[in-house]
Asker: 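The structure is given below, and queries will be raised subsequently.
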Amino acid sequence: MKKAKQNNDNFIMLPTVDFCFKELMRNPKVRKGFIAAVLGKNPEEIRNTTLVPTELRKESEDDKLGVLDVLVELEDETKMNMELQVSYFECWINRVLFYLSKIYSGQIREGEEYDRLHRCIHVGILDFIHFSQDKKCFRKLAFCDVETGEQYTDLMEMYVLELQKLPPEDLNEKGIIRWMRFLGGKNREEFEDMAKKDEY
């Protein structure tokens, strides 16, 4: 009985559990810190983040229903969708583009002008290898000229975090790498140690 209680006391839900990740993002301070890290900003620059409904609007009865993990609206009306995927998903790219397109096009209705469309960002937190050709664990994808690399627009962007490709820990880690280390953490000691390094 005592051993069972001890095991229960040591139980901790990992951030890669869907429920845990969603609960973490319900905390405004945690959300602010994570968003700042993804965007490469200082958390103080992220003034307001609001959770918005995660069910994507259906235009007709036979439209496919889309339900997101976490959808946030920033102060400048940027929409940021955060999706956690633990196991390999064969049509991941298709699903990401479906979600991102629905979020973007769902901002306006009949009769409204296109200037009401704001930036939409998809953040994919993956616990599997998506880009097997390199060791980059974090990347930003955007519309760009395929020859020059010049960005065409920032209205739709995708960030990919591959937790399994994290490099060996560096004592001077910060920003998104530190957050990825947290999201991929496996035990209470790791989380307590990380909490001492970053208030968010």
Side-chain angles (χ1 to χ4, degrees), residues 12-41 43 45-110 112 114-128 130 138-143 153-163 176 179-180 182-185 191 200:
I12 188 163
M13 190 178 289
L14 301 180
T16 48
V17 172
D18 220 34
F19 174 79
C20 183
F21 177 71
K22 290 175 186 177
E23 286 298 302
L24 284 166
M25 290 302 122
R26 288 175 63 86
N27 181 303
K29 187 171 183 177
V30 173
R31 196 166 61 236
K32 180 189 219 184
F34 180 64
I35 290 170
V38 169
L39 299 178
K41 296 185 174 186
E45 294 177 70
I46 308 295
R47 294 199 178 127
N48 191 30
T49 67
T50 306
L51 289 173
V52 293
T54 56
E55 192 169 298
L56 298 175
R57 190 175 82 203
K58 290 176 68 170
E59 297 298 329
S60 63
E61 277 299 313
D62 60 350
D63 269 1
K64 181 168 178 61
L65 178 67
V67 181
L68 311 173
D69 284 351
V70 178
L71 185 59
V72 178
E73 185 171 306
L74 306 185
E75 191 173 34
D76 64 358
E77 296 186 68
T78 292
K79 304 279 190 310
M80 182 178 273
N81 166 226
M82 303 171 202
E83 293 294 316
L84 177 70
Q85 184 68 29
V86 174
S87 55
Y88 174 75
F89 189 86
E90 189 175 355
C91 296
W92 179 250
I93 295 171
N94 304 52
R95 189 164 87 176
V96 166
L97 292 175
F98 172 75
Y99 284 169
L100 193 55
S101 300
K102 290 280 277 187
I103 296 165
Y104 185 73
S105 62
Q107 296 179 87
I108 59 172
R109 297 180 185 269
E110 186 177 351
E112 294 179 334
Y114 291 108
D115 62 1
R116 292 178 59 91
L117 291 167
H118 295 279
R119 185 181 181 204
C120 290
I121 298 169
H122 170 87
V123 181
I125 303 149
L126 311 179
D127 200 18
F128 62 89
H130 185 58
F138 174 72
R139 67 184 77 222
K140 173 183 172 182
L141 307 168
F143 285 103
T153 180
D154 70 348
L155 284 173
M156 293 175 83
E157 293 178 339
M158 292 170 278
Y159 292 82
V160 183
L161 289 64
E162 293 179 90
L163 302 181
I176 194 62
W179 271 98
M180 289 176 68
F182 167 76
L183 292 168
F191 296 126
Y200 292 93

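Only this structure's heavy atoms are used, side chains among them; waters, hydrogens and symmetry mates stay out.
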Asker: Answer whether the closest heavy-atom distance between the side chains of Ile103 and Leu68 falls below 4.5 Å.
Answerer: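 Ile103 vs Leu68: side chains touch.
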Asker: Is there a side-chain contact between Ile121 and Leu39, using heavy atoms and a 4.5 Å cut-off?
Answerer: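 They are in contact (side-chain heavy atoms under 4.5 Å apart), so the answer is yes.
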Asker: If you round to the nearest 0.5 Å, how far is CE of Met156 from CG of Asp154?
Answerer: 12.0 Å
Asker: Nearest 0.5 Å please: distance from the OG1 atom of Thr78 over to the CD1 atom of Ile46.
Answerer: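 Answer rounded to 0.5 Å: 9.5 Å.
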Asker: Would a 4.5 Å heavy-atom cut-off, applied to side chains only, mark Leu117 and Gln107 as touching?
Answerer: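 Yes, their side chains come closer than 4.5 Å.
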Asker: What pairs of residues pass the side chain to side chain donor-acceptor pair (under 3.5 Å) test when at least one of them lies in residues 27-39, not counting sequence neighbours?
Answerer: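 Qualifying pairs, neighbours excluded: Lys29-Glu199, Arg31-Thr49.
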Asker: Near Glu55 CD, under 6.0 Å, is it more than 12 heavy atoms from other residues, nucleotides or ligands?
Answerer: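 Counting neighbours around CD of Glu55, 12 or fewer heavy atoms of other residues, nucleotides or ligands fall under 6.0 Å, so no.
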Asker: Quick one: does Ile93's side chain get under 4.5 Å of His130's, heavy atoms only?
Answerer: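 SC-SC contact between Ile93 and His130 confirmed.
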Asker: Do other residues, nucleotides or ligands put more than 12 heavy atoms under 6.0 Å from the CG atom of Leu97?
Answerer: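 Yes - once you tally the heavy atoms of other residues, nucleotides and ligands closer than 6.0 Å, there are more than 12.
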Asker: Determine the minimum heavy-atom distance between Pro15 and Phe21, stating which atoms define it.
Answerer: O-CB, 3.3 Å
Asker: First locate atom CD1 of Ile176, then atom CG of Leu161, and finally report the distance between them rounded to the nearest 0.5 Å.
Answerer: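 Between Ile176 CD1 and Leu161 CG, I get 4.5 Å after rounding to 0.5 Å.
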Asker: Got more than 12 heavy atoms from elsewhere within 6.0 Å of CZ, Phe143?
Answerer: no
Asker: Does a side-chain heavy-atom distance below 4.5 Å link His118 with Asp76?
Answerer: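 No; the side chains remain at least 4.5 Å from each other.
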Asker: Rounded to the nearest 0.5 Å, what separation is found between the CD atom of Glu162 and the CG atom of Asp127?
Answerer: 10.5 Å
Asker: Counting only N and O atoms by type, is there a donor-acceptor contact under 3.5 Å from the side chain of Glu83 to the main-chain atoms of His122?
Answerer: no
Asker: List the steps, then state whether side-chain contact (heavy atoms from CB on, under 4.5 Å) holds for Arg116 with Glu77.
Answerer: CA-CA 10 Å; Arg116 292 178 59 91; Glu77 296 186 68; over 6 Å; no
Asker: Hey, does Met25 have a side-chain heavy atom less than 4.5 Å from the side chain of Val72?
Answerer: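 In short, these two side chains do not touch, never coming nearer than 4.5 Å.
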Asker: Test your reading of the model: is there a side-chain donor-acceptor pair from Gln85 to the backbone of Gly124, 3.5 Å cut-off?
Answerer: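 No; zero donor-acceptor contacts below 3.5 Å.
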Asker: Does some side-chain heavy atom of Ile35 sit less than 4.5 Å from a side-chain heavy atom of Met82?
Answerer: yes
Asker: Quick one: does Asn81's side chain have a donor or acceptor within less than 3.5 Å of a partner on Val70's backbone?
Answerer: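 Answer holds: yes.
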Asker: Can you tell me how far apart CG (Leu56) and CG (Asp63) are? Round to the nearest 0.5 Å.
Answerer: 10.5 Å
Asker: Find out whether Arg95 and Trp92 are in side-chain contact, i.e. whether some heavy atom of one side chain is under 4.5 Å from a heavy atom of the other.
Answerer: yes
Asker: Among Phe182, Tyr159, Trp179, find the residue that satisfies the ring pair (Phe, Tyr, Trp, His ring centres under 6.0 Å) test when tested with Phe34.
Answerer: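 Exactly one candidate clears the test, Trp179.
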Asker: For the OG1 atom of Thr54 and the CG atom of Asp69, what is their distance to the nearest 0.5 Å?
Answerer: 8.0 Å
